[in-house]
Visitor: 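Sharing a structure with you now.
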Amino acid sequence: EVQLVESGGGLVQPGGSLRLSCAAFGFTFSSSAMGWFRQAPGKEREFVGGISWSGAFTYYADSVKGRFTISRDNDKNTQYLQMNSLKPEDTAVYYCARRNGRPSYSSFHRRDAYDYWGQGTQVTVSS
């Protein structure tokens, strides 16, 4: 069974950092492009970033570019999201997701381009 398990969320002050992890089970992780989304209260789930099978390329939403970094360790079947210079507007539930079988660079931002999702981990940025 495909399973994605996020961890690393919590409460952090503005300007601080967090590193989220997504452990993957039940599929060949090294063959799958991956992504991160987030959903704030009262808002639609939005794209944060994506990463190719090997990690050779990454893709970010404008709102996080320069502050967040996506990486992966295929030996550990794990995807990471390093979040620096956090702002209150980054507060959301963060979700790990697996790309479907029809990947393309231009589709990384689309929710329907992903076929499996984790349960999410809460990130709260507040003083």
Visitor: Heavy-atom distance under 4.5 Å between the side chains of Pro88 and Ser126, does that happen here?
Guide: no

Visitor: Would you kindly confirm whether Ile51 and Leu81 end up in one hydrophobic cluster when ILVMFWY residues are joined by side chain heavy atoms under 4.5 Å apart?
Guide: yes

Visitor: Could you report the tightest heavy-atom contact between Ile70 and Gly50, atom names first, then the distance?
Guide: CD1-N, 3.2 Å

Visitor: Using side chain to side chain contact (heavy atoms under 4.5 Å, CB included), reason through Cys22 and Trp36 one step at a time and then give a plain yes or no.
Guide: CA-CA 9 Å; Cys22 169; Trp36 288 94; 3.8 Å; yes

Visitor: If you compare all heavy atoms of Val12 against all heavy atoms of Gly16, which two are closest, and at what distance to 0.1 Å?
Guide: CG2-CA, 3.9 Å

Visitor: Between Ser17 and Asn84, what is the shortest heavy-atom contact and its length?
Guide: OG-OD1, 2.9 Å

Visitor: Does any non-hydrogen side-chain atom of Ser7 lie less than 4.5 Å from one of Thr121?
Guide: no

Visitor: Tyr114 ring centre to Arg98 NZ or CZ under 6.0 Å, with the angle to the axis within 45°?
Guide: no

Visitor: Would you indicate whether the side-chain heavy atoms of Leu4 and Phe27 approach each other to under 4.5 Å?
Guide: yes

Visitor: Rounded to the nearest 0.5 Å, how far does NE2 of His109 lie from CG of Asp62?
Guide: 11.5 Å

Visitor: Could you walk me through whether Phe47 and Tyr60 pass ring pair (Phe, Tyr, Trp, His ring centres under 6.0 Å), step by step?
Guide: CA-CA 8 Å; Phe47 174 72; Tyr60 300 96; 8.4 Å; no

Visitor: Determine, stepwise, if the pair Arg72 / Phe29 fulfils side chain to side chain contact (heavy atoms under 4.5 Å, CB included).
Guide: CA-CA 10 Å; Arg72 65 191 297 161; Phe29 179 76; 3.3 Å; yes

Visitor: Suppose we screen for side-chain hydrogen bond (donor to acceptor under 3.5 Å, both in side chains). Which residues come up paired with Thr124, at least two apart in sequence or across chains?
Guide: Gln122

Visitor: I'd like to check Phe25 versus Val2 (side-chain heavy atoms, cut-off strictly below 4.5 Å). Are they in contact?
Guide: no

Visitor: With a 4.0 Å cut-off, would you call Asp115 and Arg99 a salt bridge?
Guide: no

Visitor: Checking the side chain of Glu6 only, and the main-chain atoms of Gly120 only, is there a donor and an acceptor separated by less than 3.5 Å?
Guide: yes

Visitor: Would you say the ring centroid of Phe57 lies under 6.0 angstrom from that of Tyr105?
Guide: yes

Visitor: Do Lys87 and Asp90 sit within salt-bridge range, that is, some charged N less than 4.0 Å from a carboxylate O?
Guide: no

Visitor: Side-chain donor-acceptor pair under 3.5 Å between Asp73 and Thr78, yes or no?
Guide: no

Visitor: Measure the shortest side-chain to side-chain distance between Glu46 and Phe37 over non-hydrogen atoms and say whether it is less than 4.5 angstrom.
Guide: no

Visitor: Between Phe68 and Leu86, is any pair of side-chain heavy atoms under 4.5 Å apart?
Guide: yes

Visitor: Just by modelled atom types, is the Val125 backbone N or O under 3.5 Å from a matching donor or acceptor in the Thr91 side chain?
Guide: yes

Visitor: Determine, for Trp117 and Arg111, whether the Lys NZ or Arg CZ falls below 6.0 Å from the six-membered ring centre while staying within 45 degrees of the axis.
Guide: no

Visitor: Got a sec, which residues hit side-chain hydrogen bond (donor to acceptor under 3.5 Å, both in side chains) with Arg110, two or more places apart in sequence or on another chain?
Guide: Asp112

Visitor: Please check if atom CD in Gln119 has more than 12 non-hydrogen atoms from other residues, nucleotides or ligands closer than 6.0 Å.
Guide: no

Visitor: How long is the gap from CG on Asn74 to OG on Ser54, to the nearest 0.5 Å?
Guide: 8.0 Å

Visitor: With sequence neighbours left out, what residues match Ser106 under side chain to side chain contact (heavy atoms under 4.5 Å, CB included)?
Guide: Ser104

Visitor: Are there more than 12 heavy atoms of other residues, nucleotides or ligands under 6.0 Å from atom CD of Glu89?
Guide: yes

Visitor: Does any part of the side chain of Met34, heavy atoms only, come nearer than 4.5 Å to the side chain of Trp53, both counted from C-beta?
Guide: no

Visitor: Does a side-chain heavy-atom distance below 4.5 Å link Tyr116 with Cys96?
Guide: no

Visitor: May I ask you to check if Arg38 and Tyr95 form a cation-pi contact, with NZ or CZ under 6.0 angstrom from the six-membered ring centre and within 45° of the axis?
Guide: no

